[in-house]
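Computed from heavy atoms alone, side chains included, the values below leave out hydrogens, waters and symmetry copies. A, B, ... follow the sequence lines: proteins, then strands. Residue 1 opens every chain.
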Amino acid sequence: MAEEFEPKLIAFTCNWCSYAGADLAGVSRMQYPPNVRVIRLMCSGRVDPIFILEALKRADGVLVTGCHIGDCHYVSGNLHAEVRVKLVKKALEMVGLEPERLKLEWISASEGEKFARVIKEMVDQLKKLGKNPLRDG
Amino acid sequence: MIDKPRIGVYVCHCGKNIAGVVNVEDVAEHVRNMAGVIVAKDYRYVCSDPGQDMIKKDIRDYQLDRIVVVACSPRLHEPTFRRVLEESGLNPYLLEMVNIREQCSWVHMDEPDKATEKAKDLVRMAILRSQLLEPLEIKEVKVLKSVLIVGGGVSGISAALDLAEMGFKVYLVEKNESIGGHMAQLDKTFPSMDCSICILGPKMVEVARHPKIKIISHADIVRVEGYVGNFKVKIRENPRYVISDRCTGCGECQEVCPIEYPNEWDINLGVRKAISVPFPQAVPSVYRINIDYCLQCYKCVEACGAREAIDFGQKPKETELNVGAIIVAIGFEPYEPYQLKEYGYGTYQNVITNIEFERLINAAGPTEGKLIRVSDMKVPHRIGFIQCVGSRDERIGHIYCSRFCCMSAIKQARQIKEKLPEAEVYIFHTEPRTFGKGFEAFFRKTREYGVSVVRGRASKVLEDPETGNLTVFVEDLSLGKPVEVEVDLLILSVGMSPPKDLESLSRTLRIPRDPDGFLLEAHPKLRPVDTHTAGIFLAGACQSPKDITDSISQAKAAAASVAALLSRGKIRVESMIAHVNQDLCIGCGLCQEICPYQAMTIQNKKSKTIPALCGGCGTCASTCPEHAITMKHYTNKQILAEVVTAFQR
Amino acid sequence: MANTDIKIKETLRSSELEPNFAEEITKHPGGEKLYLCYQCGSCAGGCPVGKITNSYKPRQIIRMALLGIKNEVLSSDSIWLCASCYTCQERCPQEVEIADLMLAIRNIAAKEGHAPKAFVEQATSLIENGRIPKITGLTQRRRTSLGLPELSPAPADVVKKIAAITGFEQLMEKLKEEAKK
Amino acid sequence: MNYALFFGCVIPTREPSYEASLRAVFKELGVDLIDLDKATCCAPIPIESLDFKTSLAIAAYNLSLAEEANINIMTICNGCFQVLSKANKTLKENETLRTDINKILAEVGREYKGTVDVVDYLQVLHNDVTPERIKENISKSLNKLRVAAFYGCHVLRPSSVLNFDNPEHPHILDDLIELTEAKSVQYMHKTKCCGGLLRGISDDLASKLARNKLFNISNSKADCIVTVCPFCFLQLDVGQLDVRRRFNETYNLPVFHYPELLGLAMGIDPEKLGLKTHRISTESVLKKIE
């Protein structure tokens with residue numbers, strides 16, 4: 001029998017909220033699937049569409065996380081992230097890729113549980129979607 | 001510049017925390033032969049002194065110029081290891097940390113093999129990134145030797161006095177008319193049984209008289225800008241309709257004022273005049289007209305006479321303060337137990353809260369210290385306390401222990417026994433928490449008075465509509481029996497809630513809140529008074545429920561932290577800032593438009609960064625249509641190096 | 001009911017306890033939050049049944065479940081004395097679903113062959129008639145006298161089929177056998 | 001305004017006066033009630049006590065009938081209200097259980113989708129028909145009457161599932177009673193259990209609980225009791241005979257289903273409301289309101 005498909009997930013986190021949320025998930029020993037590689041940025045506003053597109057050449061899904069709206073450490077970076085992710089999603093649809101492969105979530109420093117849940121849910125969803133056809137290797 | 005980076009990789013066991021799950025030897029082995037890696041070691045505790053010395057020695061012995069520490073969260077130890085690099089003569093930004101504790105060993109405990117594989121990926125990503133790291137310029141700016149303290153309760157007062165004594169200029173901003181906070185409302189404090197206002201009052205006066213402290217009361221924080229050492233804060237003083245500088249606090253206006261309204265400070269049992277101060281010891285001793293109740297009969301204007309302190313035309317006044325640091329000390333709000341329908345607060349007249357009790361038993365309170373119940377003004381002889389009201393209760397989202405209510409009830413029970421020795425007093429508790437210095441002895445003394453301490457959380461309270469008496473239904477856990485206790489007066493020992501305006505203040509200050517809704521400290525153990533925003537500190541119950549002793553301890557700690565920061569005179573500012581490549585910039589101004597710090601200016605049709613203002617978010621870099629902006633330490637190349645390596649095997 | 005108290009040994013030894021019992025309960029819908037109980041007694045303090053009998057003490061049943069006193073709890077009549085009024089569940093500060101938790105314990109007890117006759121009879125009637133009470137001549141006469149139509153039988157076949165799939169029918173057979181012993 | 005009427009099994013078999021009065025009252029108020037022909041018993045707590053899954057599947061079956069008709073379910077029995085509401089919430093929120101239960105339902109040719117809500121008829125009267133409209137239909141003042149409102153457990157608790165009223169200090173039934181101008185009296189332990197579910201398990205305890213309720217209500221000088229649940233009704237009506245036998249206490253407190261009281265205020269003939277079927281004579285009340 002073939003081995004179960006293990007999706008590859010790249011997550012961009014901001015330093016202040018969502019990376020701290022991931023730390024809290026760790027401190028609280030919340031278990032989630034090891035399919036994710038986290039890339040720490042200072043702000044979700046730093047996420048350039050190029051990063052997402054490059055990530056989608058190598059992974060099955062991309063998760064962008066940041067502070068909740070209104071809570072951004074840099075005031076408004078997450079608002080720009082939101083606009084960009086929406087645009088990239090549209091572009092993905094146009095090239096025929098499932099938009100669900102890209103997800104945006106707001107995770108605060110106190111939401112360790114949410115971080116773990118979001119990773120788990122996304123990995124589950126990627127398992128259903130299967131391998132990203134654009135992915136090399 | 002050295003052509004090829006020479007990298008040292010250090011994989012930490014963190015005792016068993018990492019090594020218990022991740023095969024650390026395997027991780028080190030995996031990267032040992034990667035291009036640029038000169039040494040790769042695993043070590044029990046890399047953050048320990050010997051661990052740090054090992055890195056320093058390797059930097060010397062192998063001329064390393066990039067260090068990759070594979071250990072815990074950079075949010076914990078990045079400063080530690082940056083210092084190691086600096087002490088070895090390397091630029092601190094040539095460090096890269098990999099977090100395989102919070103992101104591998106602790107979250108994939110049941111999958112050690114996969115955790116190890118993930119750790120290897122993360123380390124390879126970091127090594128690739130580290131090759132592209134560049135030294136950043138370390139810049140220092142002068143810091144302002146002034147401090148803003150938000151909140152004039154006992155925490156704010158303590159911090160203000162300490163800092164003023166050390167010579168710093170202090171602005172103490174208070175939302176209410178007077179400083180003093182909840183402590184000013186209390187009758188006596190535990191475990192010393194001091195008269196609360198008698199020990200706080202002199203401190204309040206000292207604050208008012210101190211040449212280095214400026215009290216700005218009846219005021220709100222509107223906006224906070226800038227950064228550590230150089231904050232700009234906009235304050236709005238709400239109108240009192242009395243000119244502070246002219247009011248002498250004589251009270252002649254109050255005597256002639258015909259209007260009375262319920263005094264919230266006296267739990268609405270007492271009254272105050274439309275022009276008045278909330279309590280006699282109020283600081284500043286400046287009167288206020290409550291315009292909602294004022295008839296505008298102008299009797300007060302007449303009484304004030306030549307002093308001309310009354311000004312009905314007063315408008316909100318905005319001022320800007322420049323301070324080097326901020327201490328947030330806005331305290332708590334007592335939990336309002338309306339939601340716990342089983343106890344009937346708000347429905348049954350003789351069910352009151354512990355805070356209300358403090359005013360009832362206080363000689364300066366609305367009953368002049370005579371303990372009576374509201375329904376019939378009679379002296380109660382059977383009194384009960386229900387504990388954990390609004391604490392340790394998942395239903396209302398308060399999962400925390402409020403830490404003061406057990407001792408408060410034990411103290412109040414004793415006060416009742418001192419006034420009414422014949423009274424029957426019951427405390428219904430989940431489990432008594434008397435952990436502080438002198439608390440257990442105090443509890444023992446209260447038991448000696450004959451207070452009946454019943455282990456069991458009250459399930460229900462019913463009122464007899466005829467008598468106004470209350471029956472408490474509770475299981476006596478020690479007997480395993482349901483018990484019904486009839487009392488004349490019932491006190492709910494309510495816990496602490498985060499203040500309602502904490503949410504908006506946390507946004508203004510950009511400090512996150514914890515899951516309970518209080519402000520989040522930088523580290524629960526190591527940095528309990530710091531926040532993740534440099535230059536902003538916490539004191540008192542706004543960080544988590546605390547009694548007076550703990551609040552003052554934390555206030556003094558916050559004051560010391562502020563002093564340590566500001567007394568240096570200079571401070572390092574953010575080195576991770578945006579840089580505009582002038583050759584590529586087309587001067588479109590998009591970056592200027594989106595920058596939340598006004599850190600971008602257009603000069604000669606080209607954009608430029610103002611380094612002191614740049615916050616370092618990097619949003620401009622990903623917005624620039626010409627890719628002309630480089631976000632230092634988070635460049636496209638550096639980030640893409642990680643993306644490319646993430647799953648490359 | 002003759003013997004309603006949960007009889008436990010004078011001294012409890014860990015070797016004689018069944019720590020898996022608590023876990024078994026938490027796997028059952030309604031029992032998930034068992035471990036969160038911090039034994040404050042809010043449940044027992046307001047329990048209307050506990051007030052009139054020594055034989056039902058919800059907090060102590062939870063304590064026994066947590067400690068692993070399995071057989072004594074499951075074979076007791078005490079667990080069937082909960083009137084399912086949900087007062088305890090309303091007031092539990094840890095949101096332990098106590099009334100539902102009692103149902104979970106009863107489900108486990110039933111699988112082990114313990115259940116009161118009255119419930120088994122009601123269940124049997126439900127399987128056979130699609131309703132618990134039976135339609136009698138008196139029922140129909142009273143209905144027609146009030147201008148109501150006669151009551152037609154409920155679709156018992158549906159209930160029977162469901163009961164067969166879930167094993168409920170077999171469970172009732174087993175419980176009836178146990179009762180005979 | 002229309003609802004799928006879910007009677008359960010106790011009301012049509014043992015308390016037809018409840019059904020008759022409810023139909024009469026709702027007709028006057030202009031609410032269409034659609035009968036669910038293929039409904040079974042809701043599978044209440046005795047069934048849930050023995051096997052959770054069977055109870056859930058039967059409840060889901062009944063919910064699917066209303067889904068097919070595409071209208072919300074209105075219950076008139078506390079037991080049905082609680083069981084169906086709880087099942088609806090569980091199945092809406094728990095995907096695993098929903099899949100499980102739907103596998104069972106497929107065998108009887110049905111599917112649960114989670115598209116309808118369960119409401120109690122008091123909610124319909126209070127929120128949809130509205131007190132104003134009920135008042136317009138009232139022709140006879142019951143202002144001489146002192147009434148003890150008896151909610152029962154399973155409209156109130158668990159409030160996180162039922163979301164009906166303040167679970168410790170409810171008022172909806174009191175409000176509805178006072179529309180008739182009768183006085184709704186306060187009494188001790190108003191929201192406490194009648195003990196109905198202990199019938200057959202321990203008749204002694206069941207009777208003690210009923211007696212406590214009767215004792216507290218009689219202390220409030222009420223002329224009668226108004227219930228919303230058929231089990232509470234049995235406990236207090238027939239149950240008074242049991243209390244007399246066991247404790248030698250006679251209360252003679254007439255018990256009404258709420259639609260019977262409302263029916264009287266709307267001028268409906270007491271015969272038609274079926275008051276004669278009660279075990280405790282309602283004559284004293286009928287005299288008082290003449």
Side-chain angles (χ1 to χ4, degrees), chain C residues 1 4 28-30 48-49 52-53 80-81 83-87 89-90 95 97 99-100 102-104 106-107 110 115-123 126 130-136 139 142-143 145-148 151-152 154-159 161-163 165-168 171-172 175, chain D residues 9-10 12-14 16-17 19-20 23 37-41 43-54 56-58 61 82 90 94 97 104-105 107-108 110 153-154 156-160 167-168 189 191-193 195-202 205-206 208-209 212 272-274 277:
Chain C
M1 295 190 121
T4 44
H28 203 284
V49 180
I52 55 169
T53 172
W80 301 93
L81 290 182
S84 298
C85 76
Y86 284 83
T87 305
Q89 191 152 327
E90 200 63 42
E95 294 186 327
E97 295 161 339
D100 289 333
M102 287 301 157
L103 299 182
R106 287 176 182 180
N107 274 207
K117 210 171 133 229
F119 282 4
V120 177
E121 279 170 4
Q122 290 178 29
L126 172 66
R131 284 195 189 95
I132 293 173
K134 292 187 180 70
I135 304 173
T136 62
T139 307
R142 282 169 76 186
R143 288 183 65 84
S145 76
L146 290 173
L148 294 169
L151 200 58
S152 24
D157 54 323
V158 170
V159 177
K161 185 114 192 219
I162 290 174
I165 301 168
T166 59
F168 191 60
L171 180 66
M172 290 311 110
L175 287 169
Chain D
C9 44
V10 176
T13 52
R14 299 188 63 184
S17 68
E19 181 179 340
R23 286 193 190 272
D37 291 333
K38 287 185 277 180
T40 69
C41 162
I45 282 168
I47 309 303
E48 201 185 341
S49 295
L50 298 172
D51 185 48
F52 165 81
K53 206 171 241 177
T54 304
L56 190 61
I58 294 174
Y61 162 81
Q82 195 249 14
T90 307
N94 189 329
L97 269 175
I104 299 170
L105 291 191
E107 298 286 319
V108 292
R110 305 215 61 91
C153 299
H154 297 152
L156 300 175
R157 300 181 292 264
S159 62
S160 58
E168 300 282 355
H189 298 293
T191 60
K192 214 173 200 178
C193 176
L197 272 165
L198 291 178
R199 281 282 161 208
I201 301 290
S202 166
L205 293 179
K208 269 188 187 149
L209 286 173
N212 287 350
K272 248 180 121 180
L273 295 171
T277 60

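The most heavy-atom pairs under 4.5 Å with chain D, out of Val120(C), Leu126(C), Ile135(C), come from Leu126(C). Among Ile58(D), Asp37(D), Thr40(D), Asn94(D), the residue with the largest count of heavy-atom pairs under 4.5 Å with chain C is Thr40(D). Of the residues considered (Leu197(D), Asp51(D), Val108(D)), Asp51(D) shows the highest number of contacts with chain C, using heavy-atom pairs under 4.5 Å. Interface check for chain D: of the options Ala154(C), Ala118(C), Pro133(C), the most heavy-atom pairs under 4.5 Å are formed by Pro133(C). Of the listed residues Arg110(D), Lys272(D), Arg14(D), Glu168(D), the one with more heavy-atom pairs under 4.5 angstrom with chain C than any other is Glu168(D). Listed options Arg199(D), Arg23(D), Gln82(D) were ranked by heavy-atom pairs under 4.5 angstrom with chain C; first place goes to Gln82(D). Contact count versus chain D (heavy atoms, under 4.5 Å) is highest, among Ile165(C), Leu151(C), Val159(C), Val158(C), for Val158(C). Considering only heavy-atom pairs separated by less than 4.5 Å from chain D, the leading option among Ala104(C), Ala83(C), Gly167(C), Ala156(C) is Ala83(C).
Note that CD of Glu107(D) and CD1 of Ile162(C) are 10.5 Å apart. Values are rounded to the nearest 0.5 Å.
Considering all non-hydrogen atoms of both residues, Cys85(C) and Cys193(D) come closest at CB-CB, 3.5 Å. Minimum heavy-atom separation, Ile47(D) to Ala123(C): CD1-CA, 3.6 Å. Of all non-hydrogen atoms in Trp80(C) and Ile201(D), the two that sit nearest each other are O-CG2, 3.4 Å. The heavy-atom pair separating Leu103(C) from Ser49(D) by the smallest distance is CD2-OG, 3.4 Å. Here the closest heavy-atom approach between residue Leu209(D) and residue Pro48(C) is recorded as CD2-O, 3.6 Å.
For Ala206(D), no part lies under 4.5 angstrom from a heavy atom of chain C. Leu156(D) touches chain C through its backbone: at least one of N, CA, C or O sits under 4.5 Å from a heavy atom, while the side chain does not. With a 4.5 Å cut-off on non-hydrogen atoms, Leu198(D) touches chain C through its side chain but not through its backbone. At a 4.5 Å heavy-atom cutoff, Met102(C) makes no contact with chain D through either its backbone or its side chain. For chain C, the nearby part of Pro167(D) is the side chain; its heavy atoms alone come within less than 4.5 Å. Within the 4.5 angstrom heavy-atom criterion, only backbone atoms of Lys134(C) (N, CA, C, O) approach chain D. Within the 4.5 angstrom heavy-atom criterion, only side-chain atoms of Ala110(C), from C-beta onward, approach chain D.
Residues meeting the side chain to side chain contact (heavy atoms under 4.5 Å, CB included) test with Gln122(C), sequence neighbours left out: Phe119(C), Ile132(C), Pro46(D). For Tyr86(C), the ring pair (Phe, Tyr, Trp, His ring centres under 6.0 Å) test picks out His154(D), with sequence neighbours left out.
Checked for salt-bridge contact, Arg143(C) and Glu19(D) meet the test: a charged N lies under 4.0 Å from a carboxylate O.
Arg142(C) places no side-chain N or O within 3.5 Å of a backbone atom of Pro16(D) that could act as its donor or acceptor partner. Counting only distance, with no hydrogens or angles, the side chain of Glu90(C) and the backbone of Ser159(D) share a donor-acceptor pair below 3.5 Å. At distances below 3.5 Å, at least one donor-acceptor pair connects side-chain atoms of Asn107(C) with backbone N or O atoms of Phe52(D).
Asn212(D) places a side-chain heavy atom less than 4.5 Å from the side chain of Ile52(C). Side chains of Lys161(C) and Ile104(D) form no contact here, defined as non-hydrogen atoms less than 4.5 Å apart. Looking at Pro158(D) and Glu97(C), their side chains never come closer than 4.5 Å, going by heavy atoms from C-beta outward. Between Thr90(D) and Pro29(C) the shortest side-chain heavy-atom distance does not fall below 4.5 Å.
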Thr87(C)/Arg157(D) under side-chain contact (heavy atoms from CB on, under 4.5 Å): CA gap, chis, key distance, verdict: CA-CA 7 Å; Thr87(C) 305; Arg157(D) 300 181 292 264; 3.5 Å; yes

Leu171(C) and Thr54(D): CA distance, side-chain angles, deciding distance, side-chain contact (heavy atoms from CB on, under 4.5 Å) verdict: CA-CA 11 Å; Leu171(C) 180 66; Thr54(D) 304; over 6 Å; no

